[in-house]
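So the structure is just underneath, and the comments pick up after that.
Keep in mind it's a predicted model, so treat the numbers as computed, not measured.
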Amino acid sequence: IPSASASSGINAEYGDPAAVARKRRKLLLGAGFVGCIAGSMALAGPFFAPALRKHCLPYLPATDNTIRLLFNDLKGARGPLIDLGSGDGRVVIEAAKQGFTAHGIELNIWLVLYSRLRSLLAGTSSRTKFFKADLWKTDLSPYNTIIVFGADSMMSDLSVKLKAETRPHTDIVSCRFPLDPDVWQSTSVIEDGHNPLWRYKQDEEKGDTNFSRS
């Protein structure tokens, strides 16, 4: 049973407007801190989640020079085009400007939404689509041109997937890292500092590659 002095102290504290205001500020600050932490985790989660997968595909935007060299090399190629790991959408948007019907797949939902907005503002939304999707679960057979900004650890498995799913005459450009040379042989290589580009083409016969080098 609280003593009389304790009871009077409690009543005095809760009857003091200044004390009530201090307690309210502390509660609001605590709730705000928890909210900031939760919000940060929600925003950062899509960026860190790929690192927990077998193959981590980091978000490293393509440089303007890489994009220029990429589409110079793709002159004469045809759509539909897909960018595997489309990031902020810059490659897909440039592809649409070059006349391709272009799709991008990306695990990070915030980058997908940003890419859609960016394409809308660029006036290319009628020729682009962005999907939150896992490239390993995406059927690549509908595409005539495939662009890859991959990581070294994934290129061997990706080479096998591309071999199994692509149609004859499919153009493939791999940026930064080449496909497995035991599965694919490049038809051309463009040096761009730390971002070289390898061009590949699926040959007439399913399962074969073009082994000529230009």
Side-chain angles (χ1 to χ4, degrees), residues 44-74 77 81-95 102-112 114-115 130-141 143-167 170-203 206-214:
F47 291 91
F48 291 112
L52 303 177
R53 295 173 176 265
K54 177 183 177 182
H55 298 294
C56 175
L57 190 58
Y59 170 49
L60 296 172
T63 65
D64 291 342
N65 191 56
T66 296
I67 293 175
R68 179 182 62 80
L69 293 173
L70 170 63
F71 286 102
N72 281 344
D73 194 45
L74 281 175
L81 173 149
I82 187 169
D83 182 14
L84 306 181
S86 53
D88 62 6
R90 63 184 63 193
V91 171
V92 174
I93 291 169
E94 182 60 30
H103 296 170
I105 59 171
E106 170 63 50
L107 278 174
N108 187 324
I109 185 58
W110 300 113
L111 290 175
V112 172
Y114 176 69
S115 298
F130 296 93
F131 305 97
K132 182 183 183 299
D134 186 336
L135 75 86
W136 304 107
K137 299 176 182 178
T138 300
D139 180 13
L140 302 178
S141 63
Y143 298 97
N144 293 319
T145 302
I146 299 172
I147 297 174
V148 181
F149 283 84
D152 191 25
S153 62
M154 65 183 281
M155 301 312 288
S156 180
D157 288 346
L158 183 58
S159 297
V160 174
K161 176 178 174 65
L162 288 167
K163 176 63 65 179
E165 295 183 13
T166 53
R167 299 178 294 182
T170 299
D171 282 294
I172 302 168
V173 179
S174 183
C175 308
R176 301 191 180 115
F177 296 98
L179 298 178
D180 187 342
D182 290 334
V183 183
W184 294 91
Q185 180 103 9
S186 62
T187 60
S188 64
V189 180
I190 299 176
E191 295 297 335
D192 180 27
H194 296 294
N195 300 300
L197 308 175
W198 288 265
R199 177 92 175 262
Y200 304 87
K201 185 180 276 290
Q202 179 71 284
D203 204 356
K206 189 71 173 177
D208 291 337
T209 53
N210 189 335
F211 284 92
S212 64
R213 183 182 290 273
S214 58

Quiz item: Say you draw a straight line from NZ of K137 to CG of D139; how long is it, rounded to the nearest 0.5 Å?
Solution: 14.5 Å
Quiz item: What is the distance from atom CG of N108 to atom OH of Y114, rounded to the nearest 0.5 Å?
Solution: 12.5 Å
Exercise. Evaluate the side-chain proximity of D180 to M155: yes if any heavy-atom separation is below 4.5 Å, no if none is.
Key: no
Quiz item: Is there a side-chain contact between I147 and L74, using heavy atoms and a 4.5 Å cut-off?
Solution: yes
Self-check item: Ion pair check, E165 and K161, cut-off under 4.0 Å
Solution: yes
Self-check item: Contact summary for C175 and L197, nearest pair of heavy atoms
Solution: SG-CD2, 3.2 Å
Practice problem: Look only at the side chain of T170 and the backbone of T166, and say whether a donor-acceptor pair between them is shorter than 3.5 Å. | Solution: no
Exercise. Using modelled atom types only, decide if a donor and an acceptor are shared between the side chain of Y200 and the backbone of L179 within a distance under 3.5 Å.
Key: yes
Quiz item: To the nearest 0.5 Å, what is the distance between CG (D134) and CD (E106)?
Solution: 11.0 Å
Exercise. Quick one: list whatever passes side chain to side chain contact (heavy atoms under 4.5 Å, CB included) with D152, sequence neighbours left out.
Key: F177
Quiz item: Hey, what do you get for CH2 (W198) to CZ (R176), rounding to the nearest 0.5 Å?
Solution: 11.0 Å
Quiz item: If we only count heavy atoms from C-beta on, is the L69 to N65 side-chain gap below 4.5 Å?
Solution: yes
Quiz item: If you measure from CG on D83 to CG on L70, what distance do you get to the nearest 0.5 Å?
Solution: 8.5 Å
Quiz item: Given side chains that start at C-beta, do those of L158 and W136 come closer than 4.5 Å, heavy atoms only?
Solution: yes
Exercise. Report yes if some heavy atom in the side chain of T66 is under 4.5 Å from a heavy atom in the side chain of F149; otherwise report no.
Key: yes
Practice problem: Could you tell me whether the side chain of F71 reaches within less than 4.5 Å of the side chain of E94, counting heavy atoms only? | Solution: yes
Quiz prompt | Heavy-atom check, side chain of L81 versus side chain of I146, under 4.5 Å | solution = no
Self-check item: Any residue meeting salt bridge (charged side-chain N to carboxylate O under 4.0 Å, His left out) with R199, in chain and number order, not counting sequence neighbours
Solution: D73, D171
Quiz item: When the ring centroid of H103 is compared with that of F131, is the distance short of 6.0 Å?
Solution: yes
Quiz item: Which pair of non-hydrogen atoms, one from Q202 and one from L162, has the smallest distance, and what is that distance?
Solution: NE2-O, 4.3 Å
Practice problem: Check F130 against G89 and note the closest heavy-atom contact, atom names and distance. | Solution: CE2-CA, 3.6 Å
Quiz item: W184 ring centre to K163 NZ or CZ under 6.0 Å, with the angle to the axis within 45°?
Solution: yes
Self-check item: Derivation of the side-chain contact (heavy atoms from CB on, under 4.5 Å) call for V189 and E191
Solution: CA-CA 7 Å; V189 180; E191 295 297 335; 3.9 Å; yes
Quiz item: Is a donor on one side and an acceptor on the other found under 3.5 Å between the side chain of R90 and the backbone of A62?
Solution: yes
Exercise. Check step by step if side-chain contact (heavy atoms from CB on, under 4.5 Å) holds for D64 and R68.
Key: CA-CA 6 Å; D64 291 342; R68 179 182 62 80; over 6 Å; no
Quiz item: What pair of heavy atoms forms the shortest contact from S115 to G87, and how long is it?
Solution: OG-O, 3.1 Å
Exercise. Would you mind reporting whether I105 and I82 have side-chain heavy atoms less than 4.5 Å apart?
Key: yes
Quiz item: Distance from T145 atom OG1 to I172 atom CD1, nearest 0.5 Å?
Solution: 9.5 Å
